[in-house]
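Structure first, commentary second.
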Amino acid sequence: MATKPARAAKKNVRKAAPQKAPARSAPRRPSAPALALPPRELTGSFEPAKFEASLYEFWEKSGCFDAADESAPGQKSFCIMIPPPNVTGHLHMGHALTNAIQDTLIRWRRMSGDNTLYQPGTDHAGIATQLMVERALADEGRKAGGRPITRHDLGREKFLERTWKWKEDHAHIITGQLRRLGCSFDWKRERFTLDDGLSRAVREVFVRLYKDGLIYRGERIINWDTVSQSAVSDLEVVPTERKGFLWHIKYAVVESDGTPVAGADGKEAFLTIATTRPETLLGDTAVAVHPEDDRYSAFHGKHAKLPLLGRVIPILTDTYVEREFGTGALKITPAHDFNDYEIGKRHNLPLVSVMGKDGKITAAGGPYAAMDFKTARERIIADLKESGRLEKTEEHTHKVGLCDRTGQPAEPLVSKQWFVKIEPLAKPAIAAVESGKIEFSPKSWEKTYFEWMYNIRDWCISRQLWWGHRVPAWYCSTCQEITVAVEAPAACGSCGADADRLKQDEDVLDTWFSSGLWPFSTLGWPEKTPALNTFYPTSILETGFDIIFFWVARMIMMGLHFTGDVPFRKVYLHAMVRDEKGEKMSKTKGNVIDPLDVMAEHGADALRFTLLAMAGQGRDIKLSLDRVAGYRGFCNKLWNATKFFHLQVAQGAVAEPQGGAESWLLKNKVELLPVNRWVLSRLQQVNGAVTKGLEEFRLNEAAQAIYDFSWHELCDWYIEFSKVSFKEGGEARKQTLITLHYVLERLLRMMHPFMPFVTEELWLSLPWKKPANSPTRERDGAPAVMSLMLQKYPQPEPRFANSEAEKTVAALQGIIEALRNFRGENRIPTSKEIAACYVAPRTATDAFVQLFRSDIMAMARLSALEKAPVNGNGGAPRTIAVIPVTNPALELHVDLKGLVDVEEETKRLRKEIERVQGDLSFIRGKLTNESFVAKAPKELVAKEKGRENELVGKLRELESALTRLSG
RNA sequence: UGGGGUGUAGCUCAGUGGGAGAGCGUCCGCUUCACACGCGGAAGGUCGUAGGUUCAACCCCUAUCACCCCAACCA
């Protein structure tokens with residue numbers, strides 16, 4: 001008794017608004033009219049360009065994308081942050097992939113009732129953007145007939161103005177492209193790493209880290225980009241294989257006072273070093289050999305005279321030296337090589353900087369001063385050759401560190417920079433992953449993460465650029481002390497000198513410093529905003545594995561340090577999108593597939609679905625345009641399936657059942673036609689598979705389930721079956737129309753996160769749609785929206801599960817397929833109708849055929865299907881072909897006269913017999929194997945026995961059919 | 001050098017301890033009144049190689065080869 005009203009109440013909740021929020025003081029406007037697009041007609045074929053833009057505009061304008069700062073009571077929050085693309089960038093396939101995945105999850109959770117925030121925004125991308133503007137400036141200068149204009153010609157302020165303008169002019173490109181892809185961002189919350197709020201967060205973080213002793217300023221060896229004239233971090237230098245030379249140079253061995261040392265032969269002794277960068281010789285402060293290298297033991301404690309400059313430097317021993325490489329003697333240039341720097345520290349060697357920040361040799365380079373590095377190298381080689389100090393030159397392939405952004409070699413040099421002391425930050429970040437508070441998927445990436453985190457080096461965060469967050473440090477010209485503060489200080493923090501004695505640091509911060517704060521800075525941190533409370537920690541981080549160190553690790557470190565909590569609990573890493581040959585897409589190779597071109601040709605949905613279907617974990621995506629075209633075909637298929645529905649409605653509408661299609665179908669499920677029960681059962685099963693795929697982050701499996709069901713069950717079978725019912729009319733027609741509408745509508749909802757545009761367009765065409773609202777919109781009094789976007793995501797309906805119907809339809813399909821196979825193999829054109837008879841050994845089978853007679857006739861294109869006049873094939877004429885079916889056991893008879901050559905059918909039978917024989921011998925092999933019968937599960941043995949019997953029967957029928965044909 | 005991944009139909013990829021699937025391509029037959037962006041049928045694979053575990057291996061284990069990626073201090 002008590003269950004009935006409860007159930008009814010539950011149903012009401014489903015149909016009507018979800019959970020009424022007892023809005024505290026917010027006035028509710030309960031009767032606000034629903035927002036809706038003007039009705040549109042479904043005609044022609046799938047042409048995405050006709051509707052995608054207007055749908056997106058409608059969604060955005062009606063506030064469907066908006067998150068609420070606070071979730072409604074009982075409502076979950078769900079948040080994904082976009083990995084901020086470069087503000088002046090263009091959408092590439094990597095963006096398309098990551099955002100397609102994210103948006104699918106977001107839409108799914110939104111439809112599931114969560115308060116979802118898909119946070120949009122862009123990154124100022126320091127070097128990249130500054131370089132663009134500088135390039136444009138240079139071009140301007142050249143076009144005007146003069147020399148290229150540099151940023152220094154403009155000065156910092158003017159240049160920044162230009163860059164902001166450039167940003168304003170270009171930012172809409174990437175955001176427009178993300179809209180084009182259908183991503184449901186809450187655009188009202190769009191953030192930019194250089195906007196006021198985020199800049200404030202950056203300064204706050206800098207100041208706090210400084211006060212905690214985690215940021216320091218120091219003179220260290222760093223990577224220098226001579227193009228952007230800035231320091232870059234270790235990560236921004238990509239070791240790249242380059243062909244070069246290994247020069248062997250002779251250094252004279254001397255005493256500390258410079259007097260020559262004689263070798264074993266009594267002549268002047270030399271020591272040969274091998275180097276790939278001879279110009280660094282100018283900065284050498286030692287030569288090192290391995291302590292146990294016998295070749296050089298005589299030189300321990302001696303000195304070497306630097307060729308060309310004549311400087312006397314010590315010969316020291318260090319186990320770092322590889323005896324096998326080169327000559328086994330290593331020149332040490334502590335100021336221009338990371339390893340040499342370490343060796344220099346161990347042996348207290350002086351630093352001699354010869355490579356200047358401007359890409360030219362410094363004064364310390366003596367006669368080579370002011371030459372650029374390339375010229376200096378050439379001159380030094382020539383001079384060495386001339387003085388007989390160049391022993392030999394070998395070709396040598398080695399790794400050169402190229403700057404990520406500019407592609408030019410990075411020059412290690414010693415410079416005063418700002419650093420983050422990383423170890424104290426890394427420790428908790430390692431622990432968070434070790435303890436499982438953050439999980440990576442695929443899990444193997446955790447190893448990569450640990451590897452890097454355990455060996456992490458201090459992070460050089462200062463950049464000698466102008467575009468970025470200026471280091472919030474001021475130098476006092478009175479006391480020389482540094483004042484670090486969030487806002488420009490009014491006086492020196494040490495001596496109290498006036499602000500005019502203070503000068504702000506010229507440098508800006510590494511772009512990744514600000515993107516590391518993204519998960520909380522976008523939500524208003526350091527303020528304790530409601531949004532921060534609602535959405536932090538974010539739900540999922542989805543990005544490419546190439547920025548694990550750049551971005552993911554830094555977000556974890558910063559998040560833990562500043563919020564005390566992880567920034568996200570799950571990290572999903574997708575693969576790289578390559579071209580169809582598996583090559584990395586690159587402009588120079590010219591193999592870039594532009595997502596915008598693809599969308600222009602096939603629509604956003606086809607591109608999204610392709611990427612999702614191919615995004616299996618742990619494998620690169622080789623994007624194939626054929627595949628995209630295939631999924632465009634899929635969109636068209638859906639389009640036409642819906643059109644088919646409308647055509648049936650046009651033959652005579654059926655009123656929506658009282659209480660909705662679902663409850664009507666549930667109430668009447670016993671009276672439904674088997675095919676209707678079947679499709680409902682299949683639908684709910686597929687629903688389960690799709691939901692599981694989404695929950696387990698296997699979007700490719702979910703996509704596959706959707707595709708297979710839609711095309712191969714709904715379209716290939718169900719719609720074909722439905723035609724029989726529609727022709728029949730009456731009750732059959734009515735229940736089939738209701739079923740078809742229900743299945744279509746549910747399916748569209750189910751696939752909407754994957755293909756938002758086409759599903760919405762089709763859904764809007766359906767007759768029984770109703771506007772819907774989200775819990776938070778409802779609470780805040782926002783109007784309901786006539787859109788698929790806010791409909792409830794379907795759950796499997798177990799009451800539709802029906803294994804009986806599934807078995808029945810499988811048997812029916814078996815009969816139809818046997819007939820189709822007969823037709824196809826015998827090449828009987830579709831236009832020729834076949835008259836068939838059947839022989840059913842059991843009355844139940846006879847009833848089965850009678851029940852589905854019209855279905856079989858329609859789908860196998862038979863002109864007749866009657867009971868055979870004679871039982872068995874004993875009395876049948878010679879031209880009768882027999883088609884045996886095993887489940888249910890029956891024979892189909894077709895008169896070959898006028899249809900097929902007897903020989904053709906004979907051939908078909910022989911082939912069939914061969915196959916059955918093969919199957920049979922395999923099964924018998926198993927069944928005669930004693931260990932199989934003894935050890936395999938009993939059910940399996942029984943199943944195989946059953947199959948054996950089936951096959952024996954089939955074989956007998958085939959053979960007798962064959963003898964009769966040929967006899 | 002170390003770590004990870006991949007190897008399945010002509011191509012691009014799914015997949016499971018009980019005789020391997022899809023899309024595209026190929027071949028055959030189709031203006032079947034939703035769809036030629038389609039319908040029906042078919043051909044095509046010793047699931048990289050060699051061992052092992054198991055009644056049973058494409059799947060688990062070991063070795064090996066090939067390709068890819070990542071991290072690296074061989075100047």
Side-chain angles (χ1 to χ4, degrees), chain A residues 42 45-46 239 246 273-277 280 288 320-333 337-340 342-343 396 398-399 442 444-445 447-448 451-452 455 545-546 548-549 575-576 578 580-582 584 602 606 610 613-614 616 618-627 629-648 700-701 704 707-708 711-712 715-716 719-720 723 817 820-833 858-861 918-919 922-923 925-926 929-937 940-941 943-944:
Chain A
L42 196 63
S45 56
F46 170 69
L246 196 55
I273 59 91
T275 182
T276 55
R277 295 172 63 210
T280 61
Y320 164 78
V321 181
E322 294 279 338
R323 277 172 279 184
E324 289 73 32
F325 189 87
T327 61
L330 178 62
K331 62 191 268 317
I332 307 293
T333 322
D337 183 287
F338 282 87
N339 300 306
D340 292 4
E342 292 302 317
I343 295 173
H396 181 66
H398 63 128
K399 297 260 170 79
S444 53
W445 286 112
K447 215 169 174 167
T448 310
E451 196 64 33
W452 189 69
N455 300 309
F545 59 80
D546 49 330
I548 289 181
F549 308 139
M576 179 172 281
R578 298 165 173 280
E580 40 211 316
K581 277 178 267 165
K584 214 166 167 170
H602 301 296
T610 307
M614 295 182 91
R619 191 198 264 250
D620 283 348
I621 296 173
K622 287 184 207 162
L623 186 67
S624 123
L625 290 174
D626 285 347
R627 198 82 186 252
Y631 288 125
R632 185 220 163 97
F634 180 49
C635 294
N636 189 49
K637 191 76 180 169
L638 292 168
W639 188 272
N640 281 294
T642 311
K643 228 167 75 177
F644 172 79
F645 167 78
H646 285 295
L647 281 181
Q648 299 312 321
N700 57 323
E701 286 178 27
Q704 195 62 39
Y707 181 91
D708 287 343
W711 201 310
H712 298 305
C715 291
D716 286 354
I719 286 185
E720 293 307 319
K723 288 175 182 171
E817 276 167 350
R820 281 177 175 174
N821 175 280
F822 168 79
R823 180 192 284 275
E825 293 262 286
N826 284 315
R827 274 171 245 126
I828 301 169
T830 323
S831 52
K832 275 196 187 171
E833 292 202 307
M859 295 185 66
R861 304 201 63 74
D919 287 0
F922 179 80
I923 287 193
K926 260 185 172 177
N929 181 344
E930 279 171 35
S931 355
F932 173 76
V933 179
K935 293 189 180 171
L940 187 70
V941 178
K943 205 177 114 197
E944 298 287 12

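As the structure is a computational prediction, the values presented were derived from the model and not from experiment. In what follows, chains are A, B, ... by sequence order, proteins preceding strands, each numbered from 1. Scope of the values below: all heavy atoms of this structure, side chains included, with no hydrogens, waters or symmetry mates.
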**Item:** B:A57 to B:U49 separation - C1' atoms, rounded to the nearest Å
**Value:** 16 Å
**Prompt:** Rounded to whole angstroms, how far apart are CG on A:D626 and C1' on B:G10?
**Reply:** 13 Å
**Rounded distance [0.5 Å steps], CG in A:L940 versus NZ in A:K926** = 6.0 Å
**Prompt:** How would you label the contact of A:A934 with the nucleic acid (heavy atoms, under 4.0 Å): base, sugar-phosphate, or nothing?
**Reply:** nothing
**Request:** State whether a side-chain donor-acceptor pair under 3.5 Å links A:K331 with A:T333.
**Result:** yes
**Between B:A50 and B:G10 - C1' atom distance, rounded Å** = 27 Å
**A:H398: side chain to side chain contact (heavy atoms under 4.5 Å, CB included) partners, not counting sequence neighbours** = A:T276, A:H396, A:V400
**Request:** Considering only atom P, compute the distance from B:A22 to B:G45 and round it to an integer number of Å.
**Result:** 15 Å
**Request:** Apply salt bridge (Lys or Arg N to Asp or Glu O under 4.0 Å) to A:R861 and list each qualifying residue two or more places apart in sequence or on a separate chain.
**Result:** none
**Asked** Rounded to whole angstroms, how far apart are CE on A:M614 and C1' on B:G23?
**Response** 9 Å
**Prompt:** How is A:H712 classified with respect to the nucleic acid when contacts are heavy atoms under 4.0 Å: base, sugar-phosphate, or nothing?
**Reply:** sugar-phosphate
**Item:** Interatomic distance, A:F932 CZ vs B:U54 C1' [rounded to whole Å]
**Value:** 13 Å
**Asked** Mind checking the C1' distance from B:G44 to B:C11? Whole angstroms is fine.
**Response** 13 Å
**Prompt:** Want to settle it: does A:G630 or A:L940 sit nearer the 5' end of RNA chain B, counting the closest nucleotide to each?
**Reply:** A:L940
**Item:** B:C67 and B:G25, which share atom name P, separated by this distance in whole Å
**Value:** 32 Å
**Item:** Proximal nucleotide (of B:G18, B:U12, B:G40) relative to the A:A936 side chain
**Value:** B:G18
**Fill in**
From CG of A:D919 across to P of B:A20 the rounded distance in Å is 11 Å
**Item:** Sequence-aligned protein contact record of nucleotides 31-37 of chain B, with B where the base is within under 4.0 Å of a protein heavy atom and S where only the sugar-phosphate is
**Value:** -B-BB-B
**Message:** Between B:U53 and B:U16, how far apart are the two P atoms, rounded to whole Å?
**Reply:** 25 Å
**Message:** Rounded to whole Å, how long is the line connecting atom CD of A:E930 with atom C1' of B:C55?
**Reply:** 11 Å
**Request:** Rounded to the nearest angstrom, tell me the gap between atom CG in A:L625 and atom P in B:G25.
**Result:** 13 Å
**Asked** Does a nitrogen or oxygen in the side chain of A:K926 sit under 4.0 Å from OP1 or OP2 of B:C55?
**Response** no
**Request:** Please list every stem that involves RNA chain B, where a stem is a run of 3 or more consecutive Watson-Crick or G-U wobble pairs with both pairing distances under 3.5 Å.
**Result:** B:1-7 with B:65-71, B:10-13 with B:21-24, B:26-30 with B:38-42, B:48-52 with B:60-64
**Asked** What nucleotide among B:G19, B:A42, B:C24 has an atom nearest to a side-chain atom of A:N821?
**Response** B:A42
**Complete:** Residue set satisfying side chain to side chain contact (heavy atoms under 4.5 Å, CB included) with A:K399, at least two apart, ordered chain then number -> A:P239, A:E241
**Message:** Between the side chains of A:E720 and A:K723, is the shortest nitrogen-to-carboxylate-oxygen separation below 4.0 Å, so that they form an ion pair?
**Reply:** yes
**Request:** For A:A858, enumerate each residue passing the side chain to side chain contact (heavy atoms under 4.5 Å, CB included) test, keeping only those at least two apart in sequence or located in another chain.
**Result:** A:V724
**Fill in**
So CZ of A:F46 and CZ of A:F634: to nearest 0.5 Å the spacing works out to 11.0 Å
**Request:** Using the test salt bridge (Lys or Arg N to Asp or Glu O under 4.0 Å), find all partners of A:E342 that sit at least two apart in sequence or belong to another chain.
**Result:** none
**Message:** If I take atom CZ in residue A:R627 and atom P in nucleotide B:G23, what distance separates them, rounded to the nearest angstrom?
**Reply:** 10 Å
**Request:** Take atom C1' in B:U8 and the same atom in B:C13, then report the distance between them in whole Å.
**Result:** 9 Å
**Asked** Considering only B:C55, B:A22, B:C30, which nucleotide approaches the side chain of A:Q704 most closely?
**Response** B:A22
**Fill in**
side chain to side chain donor-acceptor pair (under 3.5 Å) filter on A:S831, not counting sequence neighbours, yields none
Tabulate atom names and distances for all N/O pairs under 3.5 angstrom spanning the protein and nucleotides 71-75 of chain B.
unit_1	atom_1	unit_2	atom_2	d
B:C73	O4'	A:N339	OD1	3.0
B:C73	O4'	A:N339	ND2	3.1
B:C73	O2'	A:Y320	OH	2.9
B:A75	N6	A:E322	O	2.7
B:A75	N6	A:F325	O	3.2
B:A75	N1	A:E322	N	3.2

**Pairwise C1' distance for B:A42 and B:G5, with rounding to whole Å** = 37 Å
**Prompt:** With A:N821, which residues qualify under side chain to side chain contact (heavy atoms under 4.5 Å, CB included), at least two apart?
**Reply:** A:E825, A:R908
**Asked** How close or far is atom P of B:G40 from atom CD of A:E817, stated in whole angstroms?
**Response** 10 Å
**Fill in**
Hits for salt bridge (Lys or Arg N to Asp or Glu O under 4.0 Å) against A:K643, two or more places apart or cross-chain, chain-then-number order -> none
**Item:** With sequence neighbours excluded, residues passing salt bridge (Lys or Arg N to Asp or Glu O under 4.0 Å) with A:K637
**Value:** none
